[in-house]
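Worksheet for the structure shown next.
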Number of protein chains: 2
Amino acid sequence: MSARSGRVPEVVVRRLPVYLRVLEELNETESPIVSSQEIGRLTGISPGQVRKDLTNFGVFGKQGVGYRTALLRRELRRILGLDRLIPVGLIGAGHLGLAVARYDQERERRHPGGTCLMAIFDKDPQKIGTTVGDLVIQDVAKLEESLLALGIRILILAVPATEAQALVDRAIRLGVRAFLNFAPVSLKVPPGVVVHTTDVGLELEALAYYA
Amino acid sequence: MSARSGRVPEVVVRRLPVYLRVLEELNETESPIVSSQEIGRLTGISPGQVRKDLTNFGVFGKQGVGYRTALLRRELRRILGLDRLIPVGLIGAGHLGLAVARYDQERERRHPGGTCLMAIFDKDPQKIGTTVGDLVIQDVAKLEESLLALGIRILILAVPATEAQALVDRAIRLGVRAFLNFAPVSLKVPPGVVVHTTDVGLELEALAYYA
DNA sequence: TAGATTGTTAATCGATTAACAATC
DNA sequence: TAGATTGTTAATCGATTAACAATC
């Protein structure tokens, strides 16, 4: 989880998709306008926080009125870069990797646009060539050429802990700067590269404290 | 992600399993003693932070020397409650649920003790009765009696967003106070109940900002 | 206009870092 | 003892909250 050079705190960037989600769920006709209070109620984030977060990126509301739902939704998509196709790759077609792939394909079906899973890699010859949805699992040996050909900009890692670092290093060399890591290992990356790690083991052990 | 009444910040509790992991990976004979500097190097957390976090729970080191590896490991397990069996349940035997179950069974095989997945629930009659490792998938209709019988204290949710809140409410009524939620929805829980949500969709959208 | 809600500043809160006395 | 490292306090940093002027 490396900080990026930019000026907007990561904690703010992580809240933007939460705002976007409630805006996507709001009915356009019923709620053409939405207030920071309403967004706060739907997300559990304070209205002041919502307004402060948004002002990091510009002025989107009208005083005394609120935010135009459609406009704010569009702006958030633009800020996050989701107004364009963002090709995503996945390495590791084990149980977890396949689950994430299917989960994401379903998510894309419901909310098209933005991130799009475009390649799955594995090193197991038994898996290479088989399909997941409309994707064919590729040999990870061809990672470099495939990442470049598809313009992959986010890479999901669902591989054993021992293999994750080497794969990240290879992908960074090709210009990938954003990783979602499911391997139970903390990855070393240079400044400007962001890694979000989701580690079920660590989560359970932290929850044990409260259980 | 609700705050707990206790005095130790959640951000500290979340670092404890990270410390524990490096202590478990350290070779006892090679490193009978470990310094905060070494822990810091292995985790990417500053040595001062390591010491400060630990002093929330007591005095475990020796000035001028460091921490006895075995002792600190044992103390961290005790602090987190991992010195006793913590029964864990899982609802949802879809792709993601099954992947998490298998991932966790593998984790337990390698590091026995502490959290232990003891029940899997689903509502699909086709899945009920089938096995995952040595666990038989149970009917979620029997959630209440099974949670009580097994003494489940952490519940993992791998169900559709629409079903998560109702299931959390049922489990809270039975005394479950810790949840690991994979459903793409923010759950409302009373004070004293902790929910850690892992949402692949939100993660990807936040990463899009950096991609 | 009166009422409402934003954008923004100032105050508060909390976490991290720096630094060092204690002490092994 | 001399060197090293903890435990702890003070200083810094950053994020959240409160409050309100601007203005629709």
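Protein chains get the first letters and strands the later ones, always in sequence-line order, with residue 1 at the start of each.
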#### Entry: Residue mapping more 5' on DNA chain C - nearest nucleotide basis, B:Val65 or A:Gly58
A:Gly58
Shortest non-hydrogen contact from [X] toward [Y]:
{"X": "A:Ala158", "Y": "A:Gly97", "value": "CB-CA, 3.6 Å"}
{"X": "B:His196", "Y": "A:Ala206", "value": "CE1-CB, 4.2 Å"}
{"X": "B:Gly89", "Y": "B:Leu117", "value": "C-CD1, 4.0 Å"}
{"X": "B:Phe182", "Y": "A:Tyr103", "value": "O-OH, 3.8 Å"}
{"X": "A:Thr197", "Y": "A:Ala183", "value": "CG2-O, 4.1 Å"}
{"X": "A:Val185", "Y": "A:Ala161", "value": "CG1-O, 3.8 Å"}

#### Entry: Contact list for DNA chain D against residues 18-34 of chain B - heavy-atom distance below 4.0 Å
none
#### Entry: Backbone of B:Asp83 reached by a side-chain donor or acceptor of B:Arg78 within 3.5 Å
no
### Query
Atom OG1 of A:Thr69 and atom CD of A:Glu38: how far apart are they, to the nearest 0.5 Å?
9.5 Å
Would you kindly give the [atom1]-to-[atom2] distance between [X] and [N], to the nearest whole Å?
{"X": "B:Lys62", "N": "D:dT6", "atom1": "NZ", "atom2": "P", "result": "13 Å"}
{"X": "A:Phe60", "N": "C:dG7", "atom1": "CZ", "atom2": "C1'", "result": "12 Å"}
{"X": "B:Asn56", "N": "D:dT6", "atom1": "CG", "atom2": "P", "result": "16 Å"}
{"X": "A:Arg68", "N": "C:dT6", "atom1": "CZ", "atom2": "C1'", "result": "16 Å"}
{"X": "B:Gln63", "N": "C:dC24", "atom1": "CD", "atom2": "C1'", "result": "7 Å"}

### Task
Might you work through the side chain to side chain contact (heavy atoms under 4.5 Å, CB included) test for B:Thr43 and B:Tyr19, ending with a clear yes or no?
CA-CA 7 Å; B:Thr43 59; B:Tyr19 302 147; 4.3 Å; yes
### Task
Run the numbers on B:Leu72 and B:Leu54 for side chain to side chain contact (heavy atoms under 4.5 Å, CB included), then give the verdict.
CA-CA 9 Å; B:Leu72 186 55; B:Leu54 293 177; 4.2 Å; yes
### Query
Under 4.0 Å between a side-chain N/O of A:Tyr67 and OP1 or OP2 of C:dG7, yes or no?
yes
### Query
Can you tell me if the side-chain N/O atoms of B:Ser36 get under 4.0 Å from OP1 or OP2 in D:dT6?
yes
### Canonical and wobble pairing (Watson-Crick, G-U, under 3.5 Å) of DNA chain D, dot-bracket with |
..||||||||||||||||||||||
### Query
Do we see a donor-acceptor contact under 3.5 Å between the side chains of A:Arg153 and A:Thr115?
no
### Summary
Whether each nucleotide of nucleotides 10-19 of chain C has a protein heavy atom under 4.0 Å at its base (B), only at its sugar-phosphate (S) or at neither (-) is summarised, 5' to 3', as -----SSB-B
